[in-house]
2 protein chains.
Amino acid sequence: MNTPQTERISEAEHAVMEALWADAPLTAAQVADRIGETRGWSLATVKTLLSRLSQKGAVDTAPDGRRFLYSPVVARSEYVGTESRRLVDRLFGGRASSLFAHLAEAEALDDKDLSEIEALLQELRK
Amino acid sequence: MNTPQTERISEAEHAVMEALWADAPLTAAQVADRIGETRGWSLATVKTLLSRLSQKGAVDTAPDGRRFLYSPVVARSEYVGTESRRLVDRLFGGRASSLFAHLAEAEALDDKDLSEIEALLQELRK
DNA sequence: TCGGATCGCTTACAACTGTAATCGCAACCC
DNA sequence: GGGTTGCGATTACAGTTGTAAGCGATCCGA
């Protein structure tokens with residue numbers, strides 16, 4: 001049983017996780033190549049974030065010569081799940097339908113969204 | 001047009017906002033009464049949070065004798081909107097339907113949720 | 001083999017957060 | 001009117017986050 005991710009992943013750390021979820025394992029330099037550019041981070045910053053994630057047990061390190069290869073430990077779906085639930089709990093009293101209602105009302109849903117959701121509903125209701 | 005809420009509201013501050021959204025205006029002591037208990041905060045802590053919110057322009061203060069009455073400036077729906085969008089953007093590439101799909105898959109939607117969403121869809125599709 | 005490039009690790013440091021104690025002043029009570 | 005109480009404002013202080021520089025070890029190319 002792996003530790004159930006007690007430590008919270010910060011926003012900057014999350015960007016690093018995204019890189020690893022997209023493609024792993026990666027070296028620190030590779031991660032920096034993929035995200036440092038868009039975020040404007042130096043290699044040093046990426047390294048710090050990787051260390052912190054490593055301490056938190058969110059990524060795994062495998063020695064490869066003198067460097068490390070980093071891989072995610074926490075699955076993306078797991079992270080996304082806890083974060084979504086946090087939001088739903090905090091802002092919508094735990095009711096996912098309220099979140100949906102809000103998005104609908106805020107016109108944050110376009111036709112494509114609606115169609116997809118409709119399809120999913122069909123699926124779920126079968 | 002009111003200022004578009006640049007300053008971010010932290011989680012502890014959000015709890016205070018909830019109290020004010022539920023019932024406003026309130027004095028600091030009243031806010032503390034309503035939330036200090038469940039959150040285990042002292043009056044001093046609530047006062048600090050109110051000051052910070054005031055600085056950020058998220059609450060408004062009206063003098064009432066020797067004390068202040070606090071009221072929310074930012075509307076709850078506005079806050080909820082920006083926070084929801086943040087999450088959708090960050091975790092689902094801006095596609096709300098992906099969030100929905102995730103919730104569905106994670107079985108975070110019960111029958112009641114599904115029915116409500118179905119009803120909302122009907123409404124939207126009219 | 002030696003110098004530069006590259007690693008991870010350690011340290012830095014300011015901003016933001018959570019949590020509060022303290023202070024000075026205004027007001028209310030007797 | 002002098003003590004007490006209740007207020008907002010100021011100050012405190014540790015932990016987290018964002019952002020990075022520096023250090024000592026190691027590897028690679030010349």
Side-chain angles (χ1 to χ4, degrees), chain A residues 5-20 24-71 74 79 82-83 86 90, chain B residues 5-20 24-71 73 79 82-83 86 90:
Chain A
Q5 182 199 0
T6 27
E7 306 267 17
R8 199 122 150 62
I9 291 174
S10 82
E11 203 168 315
E13 287 161 4
H14 168 234
V16 169
M17 291 302 289
E18 286 294 344
L20 292 175
L26 293 177
T27 66
Q30 286 172 326
V31 172
D33 273 356
R34 292 171 203 221
I35 60 170
E37 201 161 347
T38 43
R39 308 276 299 207
W41 286 341
S42 77
L43 174 59
T45 299
V46 172
K47 283 183 186 177
T48 301
L49 294 171
L50 280 168
S51 311
R52 289 184 183 164
L53 285 167
S54 177
Q55 274 175 231
K56 292 184 182 180
V59 307
D60 193 35
T61 56
D64 171 45
R66 67 188 172 124
R67 62 196 175 170
F68 282 155
L69 292 178
Y70 298 88
S71 312
V74 177
Y79 173 75
T82 45
E83 289 302 303
R86 274 179 87 78
R90 211 160 63 85
Chain B
Q5 183 199 0
T6 25
E7 306 267 15
R8 199 121 152 62
I9 291 173
S10 83
E11 204 167 317
E13 287 160 3
H14 168 235
V16 169
M17 290 304 289
E18 286 293 345
L20 292 176
L26 294 177
T27 66
Q30 286 173 327
V31 172
D33 274 356
R34 295 174 199 219
I35 61 169
E37 203 161 345
T38 43
R39 309 275 300 206
W41 286 341
S42 77
L43 175 59
T45 300
V46 172
K47 284 182 185 176
T48 301
L49 294 172
L50 280 168
S51 311
R52 288 184 184 165
L53 285 168
S54 177
Q55 274 174 232
K56 291 183 183 180
V59 308
D60 194 34
T61 57
D64 170 45
R66 67 196 173 117
R67 64 199 172 163
F68 281 156
L69 293 178
Y70 298 88
S71 312
V73 168
Y79 174 75
T82 45
E83 289 303 302
R86 275 179 87 78
R90 211 161 61 85

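In this text, all values refer to a predicted model and were calculated from it rather than measured experimentally. Every chain is numbered from 1 and lettered A, B, ... according to where its sequence line falls, protein lines coming before strand lines. Values reported hereafter were calculated over all heavy atoms of this structure, with side chains retained and with hydrogens, waters and symmetry mates removed.
Rounded to whole Å, the distance from CZ on R8(A) to P on dT16(D) is 13 Å. For the pair L53(A) CG and dG8(C) C1', the interatomic distance rounds to 15 Å; values are reported in whole Å. Following rounding to the nearest Å, Q55(A) (CD) and dG15(D) (C1') show an atom-to-atom distance of 13 Å. The CZ-C1' distance, from R67(A) to dC9(C), rounds to 17 Å in whole Å. The distance from atom CG of D33(B) to atom P of dC7(D) is 10 Å, rounded to the nearest whole Å.
Residues H14(B) and Y79(B) have side chains in contact (heavy-atom distance under 4.5 Å, counting atoms from C-beta outward). Side-chain contact between L43(B) and K47(B) is present, with heavy atoms from C-beta onward closer than 4.5 Å. Taking 4.5 Å as the limit, some side-chain heavy atom of L69(A) sits within range of a side-chain heavy atom of T27(A). Side-chain contact check for L49(A) versus W41(A): some heavy-atom pair is nearer than 4.5 Å. With a 4.5 Å cut-off on side-chain heavy atoms, L26(B) and R34(B) count as touching. Contact check for I9(A) versus V16(A): no side-chain heavy atoms found under the 4.5 Å cut-off. Annotation: side chain of E83(B) is in contact with side chain of R8(B) (closest heavy-atom distance under 4.5 Å).
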Canonical and wobble pairing (Watson-Crick, G-U, under 3.5 Å) of DNA chain D, dot-bracket with |
||||||||||||||||||||||||||||||
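Under the 3.5 Å distance criterion, the side-chain polar atoms of S54(A) are left unmatched by any main-chain donor or acceptor of L50(A).
Considering only side-chain atoms of F68(B), the nucleotide from dC7(C), dG18(C), dG8(D) that sits closest is dG8(D). Distance from the side chain of R52(B) is smallest for dT17(C) among the nucleotides dT17(D), dT17(C), dT6(C).
Residues K56(B) and A28(A) both approach DNA chain C. Their nearest nucleotides, taken by heavy-atom distance, put A28(A) toward the 5′ side.
Listed in residue order, the members of residues 34-50 of chain A having a heavy atom less than 4.0 Å from DNA chain C are K47(A).
In this model, the phosphate group of dG8(C) is not approached by any side-chain N or O of T61(A) to a distance below 4.0 Å at OP1 or OP2. Considering only side-chain N and O atoms, S51(A) lies nowhere under 4.0 angstrom from the phosphate OP1 or OP2 of dT10(C).
Residue R66(A) is in base contact, counting any heavy-atom pair closer than 4.0 Å across all strands shown.
Atom CE of M17(A) sits about 11.0 Å away from atom CD1 of I35(A), to the nearest 0.5 Å.
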